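One structure is given below, encoded as structure tokens.
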Amino acid sequence: TDNRTTNTEIDLSNNEIICAVLDDRHRKLIIGDSIGNIIVYNCLTGVKLKLLCSLPYTIRNMIYTEDKTIISMSGISDLNVLDELPNEITSETEVYLRDNKGLEIDIT
């Protein structure tokens, strides 16, 4: 048997990665970048699975919840709540909440 490991360089983003989280099963790497993209990658293969969304500001912080929801902060306290799983009918990411009015406090 061949027990060699192979290192593969993967181009995760053409932009600066600001934050990253793993999904609940540690199979997907979800990154937020400097131009507002939230991108999902397969941790094992490095394959880009999807561009979850593209927002107008830098993604400053993200959390992944147990109900497969991603909460992100971008720009000047913009709050976004996204469903990581696609809508069954449209196959697109559902945005539960997008608040760009800003928050009174910093939750990062």
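Every value quoted in this text rests on a predicted model; they were computed, and no experiment measured them.
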note = Closest heavy-atom pair, Ile70 versus Leu52, reported as atoms and distance to 0.1 Å, is CD1-CD2, 3.2 Å
task = Indicate yes or no: at least one non-hydrogen side-chain atom of Asp24 is less than 4.5 angstrom from one of Glu66.
result = no
query = Could you give the distance from CD1 (Ile63) to OG1 (Thr69), rounded to the nearest 0.5 Å?
reply = 9.5 Å
query = How far does CD1 of Ile31 sit from CD1 of Ile17, to the nearest 0.5 angstrom?
reply = 4.0 Å
task = Can you measure from OG (Ser72) to CD1 (Ile38) and round to the nearest 0.5 angstrom?
result = 4.0 Å
remark   = d(Cys53 SG, Asn37 CG) to nearest 0.5 Å is 8.0 Å
task = Using side chain to side chain contact (heavy atoms under 4.5 Å, CB included) as the criterion, point out the one residue from Val81, Leu82, Asn80, Asn61 that pairs with Ile71.
result = Val81
request  = Measure the spacing between CG of Asn15 and CD1 of Ile59 and express it to the nearest 0.5 Å.
outcome  = 11.5 Å
query = With sequence neighbours excluded, what pairs up with Asp23 under the salt bridge (Lys or Arg N to Asp or Glu O under 4.0 Å) test?
reply = none
task = Please list, chain by chain and in numerical order, all residues satisfying side-chain contact (heavy atoms from CB on, under 4.5 Å) with Val21, sequence neighbours excluded.
result = Ile30, Met62, Tyr64
request  = Any chance you could measure Leu49, atom CG, to Ile39, atom CD1, to the nearest 0.5 Å?
outcome  = 11.0 Å
query = Where is the tightest heavy-atom contact between Leu22 and His26, given as atom of each residue plus distance?
reply = CB-CD2, 3.9 Å
